[in-house]
Amino acid sequence: MPIRLLSPDVASQIAAGEVIERPASVVKELVENALDAGAKNISISILEAGRRLIEAADDGSGIASDELALAVSRHATSKLGRAEDLFRISTLGFRGEALASIGSVSRLTLASKVARSKAGARIRVEGGSEGKVEAIGAPTGTVVRVEDLFYNVPARLKFLKKDVTERRAIDSLITRYALAYPNVRFKLAEGDKLSLQTSGDGDRRAILAALYGVEAARQLLEIHSEEEGLKLSGFISPMALTRSNRKDITFFVNGRWIQDSPLITAFVQAYHTLLMVGRYPLGAVFIEIAPEEVDVNVHPAKAEVRFREHGRVFSFVQRAVRRGLLAYAPVPTVAPALWGTRGESSQQAGLDWTIAHDDQLTVGGGQLTAEDETPSAIGSQLSTTNRVPLLRLIGQIGATYLVAEGPDGLYLVDQHAAHERVLFEKLIAQHEANKIPSQTLLTPVVVQLPPASAKSLNEQLPVLAHFGFDVEDFGSNSFRVRAMPTLFAGSDPSAALRAIVEDFEEDEAPLQNEIEKKLAARVCKRMAVKAGQTLSPEEQRALLTDLETCESPRTCPHGRPTMIHLSGEMLERQFGRRGAR
Ligand code: ADP
Ligand code: MG
């Protein structure tokens, strides 16, 4: 279809303009145009996180020389003709506004050639005013150069975030499009530094690794589901793989990345009762639905869609994910296999209890975070005196729990949760006293991270140093760990680093002391003894002694209980020694 001006009545029905608010929004529009043009190769280069330059080159159909001027005009598009077409859009673009909007806030050069002509042509737009069309030699396809973004809109320039953040937004955008279009080769480079390159051979796992990290990508479960007029495929996390937020859930509807959607809720609900409170699944889901069933003209940045039959799509997603999940891993029983045979319990007990605790905590009153582990929410489950009395160790059961006797009855202690608490309080105390002892590793360890994580870690190296980690950037998204807090001596440095990075993946920097608390909780969780680990009697005793000195010994830093207390009175009642007379 040639590029035409939309008639005023169609133009007026289009949801308010493309919003070009940051470099990543430019990249998004250019990539979408290239995909709409059927490109098989899309190469993006940026300078200074896209402020100085964004260049997108593709080998798509190109734009005829005599249409170049139209391409950069507002409401000129080759993708939409009549008003009815608005209700069955099968291209990513349709408003005919992106190039015009970008051209009004930058210095834009559009160069293109179509297969049928010998020469190509180029047009420049500067701050909204168009130059002449000139003939140039060029291969078939299109190159768009956007220089000095917002040079004439200082207000928007002021709202841009730090380079790392803007760059990360671009990275994450390209990675997601690469995932949705695995048959297209994408390349993203900043200057001569390549940040992403895909093969275009249709393999999504490799791209998932760039998005979520190699280890997570390996664990993701592949799902497919289909029912009348609806098709879903994707990769979802098994129950054991979780995140602290929903940011790693990616949805595509008809090849369009949908960022803020009730579909994400549907996905999370599919994991209901299977994950600990405050933990979220991750994954990438691609939905295909007839274009007339979905309205894409609802959001200025086209980041949301509306379904004609919302409820049906929502429950389809929920069912497909749940079914996929259960097909790979049957739900464990909620009843704890506490006295089960040794072989099973060491594997299963941790998980079973997680679920049981999860239910209790939810009943008690919503989600708990490391900060609000006050007894209020779990008061109904546990006695409210916080400190634990002196305990006499009886022993370890199922390689997971310690049994102890106190002056007021029996205590069952979850060794992992308890150790987490102990490490957490020690680390925070050392941190507050400003002296976290650090121990040099015999041999430094090099840890490789996914590009996005590497970037966030890099920003936070000073915080890590404060925590007794000596970590340095080792190039190409890897880091060298030379020293760790003495508290974690002997533990795996790469596990510690990965744990830390999970918390830094927030775009906005939370308050520093919050970062530090979360970070401490996360690292302690990773470093604590695990369920299923046999402890020597000395280790068991040391753990109880440490717990006795804790400020808040009854919950782990994430709010799960560390212990169950069966009072003498309760035992008497259970054995019919009391009240039965
Ligand atoms: P829209 O994508 O909504 O149509 P744009 O302003 O993004 O609006 O682009 C205007 C027109 O320019 C498109 O309809 C298309 O015909 C053409 N165009 C833009 N970019 C490309 C490209 N990379 N390859 C081929 N044609 C393009
Ligand atoms: Mg477009």
Side-chain angles (χ1 to χ4, degrees), residues 1-7 10-20 24-45 54-83 85-86 88-106 108-117 120-125 128 130 133 138-146 173-174 177 181 184-187 254-257 291 296-303:
M1 204 157 108
I3 306 182
R4 299 178 303 184
L5 272 179
L6 291 174
S7 65
V10 179
S12 67
Q13 287 181 44
I14 284 181
E18 312 288 355
V19 268
I20 302 299
S25 6
V26 173
V27 175
K28 174 171 186 280
E29 296 300 335
L30 300 185
V31 166
E32 290 191 350
N33 280 346
L35 289 167
D36 281 345
K40 286 285 156 236
N41 287 281
I42 301 176
S43 171
I44 311 285
S45 355
I54 297 169
E55 185 182 89
D58 70 59
D59 59 354
S61 60
I63 305 171
S65 308
D66 57 356
E67 292 183 5
L68 272 191
L70 262 182
V72 296
S73 319
R74 203 163 289 278
H75 297 319
T77 179
S78 58
K79 304 172 192 174
L80 190 65
R82 295 154 309 151
D85 294 349
L86 257 183
R88 47 162 182 276
I89 286 168
S90 54
T91 47
L92 296 168
F94 55 87
R95 292 179 182 142
E97 287 189 325
L99 291 181
S101 306
I102 297 167
S104 68
V105 295
S106 69
L108 176 144
T109 314
L110 173 64
S112 199
K113 184 185 104 63
V114 290
R116 63 176 188 277
S117 22
R122 177 173 62 195
I123 190 170
R124 272 178 73 82
V125 182
E130 285 170 33
V133 176
T140 299
T142 303
V143 179
V144 185
R145 270 177 84 84
V146 177
L173 183 108
I174 299 290
Y177 274 93
Y181 296 85
V184 174
R185 288 176 57 185
F186 284 86
K187 187 174 153 191
N254 290 349
R256 190 185 295 282
W257 181 21
V296 295
N297 184 27
V298 290
H299 185 269
K302 298 172 290 180

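Each ligand, and each atom within it, is numbered from 1 in the order the structure gives.
- Every heavy atom of G60 sits 4.0 Å or more from the atoms of ligand 1.
- Note on ligand 1: A76 sits in its first shell, one or more heavy atoms being nearer than 4.0 Å.
- Atoms of ligand 1 lying under 4.0 Å from at least one heavy atom of A98, given by number and element, are 5 (P), 6 (O), 7 (O).
- At a 4.0 Å heavy-atom cut-off, ligand 1 touches L99 through backbone and side chain alike.
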Practice task
Apply the test side-chain contact (heavy atoms from CB on, under 4.5 Å) to residues N33 and T142: give CA-CA distance (whole Å), side-chain angles for both, the deciding distance (0.1 Å), then the verdict.
Solution key: CA-CA 10 Å; N33 280 346; T142 303; over 6 Å; no
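- Applying the 4.0 Å criterion to heavy atoms of G96 picks out, from ligand 1, the atoms 1 (P), 3 (O), 4 (O), 6 (O), 8 (O).
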Practice task
Given side-chain contact (heavy atoms from CB on, under 4.5 Å), test S112 with E67 step by step and report yes or no.
Solution key: CA-CA 10 Å; S112 199; E67 292 183 5; over 6 Å; no
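- Atoms of ligand 1 lying under 4.0 Å from any heavy atom of D58, numbered from 1 in the order shown and given with element: 22 (C), 23 (N).
- Using a 4.0 Å heavy-atom cutoff, E29 is absent from the residues neighbouring ligand 1.
- Annotation for R74 and S101: closest pair NH1-OG, 3.4 Å, computed over non-hydrogen atoms.
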Practice task
Could you give me the CA-CA distance, side-chain angles and deciding distance for V31 and F186, then say whether side-chain contact (heavy atoms from CB on, under 4.5 Å) is met?
Solution key: CA-CA 10 Å; V31 166; F186 284 86; 4.0 Å; yes
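- The number of heavy-atom neighbours closer than 6.0 Å to NZ of K187, taken from other residues, nucleotides and ligands shown, is 12 or below.
- Close N/O approach between D36 and ligand 1 is not found [any backbone or side-chain N/O within under 3.5 Å].
- Of the candidates A37, G93, A34, A100, the one placing a heavy atom closest to atom 25 (C) of ligand 1 is A37.
- Residue R95 approaches ligand 1 through these ligand atoms, each under 4.0 Å from one of its heavy atoms: 3 (O).
- Inclusion of T77 in the first shell of the Mg ion (ligand 2) is not supported: no N, O or S atom falls under 2.8 Å.
- Between Y177 and V184, the closest side-chain pair of non-hydrogen atoms is not below 4.5 Å.
- No side-chain heavy atom of T77 sits under 4.5 Å from any side-chain heavy atom of T91.
- Just one residue in the list V125, I123, V26, I54 forms a side chain to side chain contact (heavy atoms under 4.5 Å, CB included) with L108, and that residue is V125.
- Within the 4.5 Å cutoff, the side chain of R95 has no heavy atoms near those of the H75 side chain.
- Ligand 1 has an N or O atom lying under 3.5 Å from an N or O atom of F94, backbone or side chain.
- Interface atoms of ligand 1 facing E97, defined by a heavy-atom separation under 4.0 Å, are 6 (O), 8 (O).
- Here T77 has heavy atoms under 4.0 Å from ligand 1 in both its backbone and its side chain.
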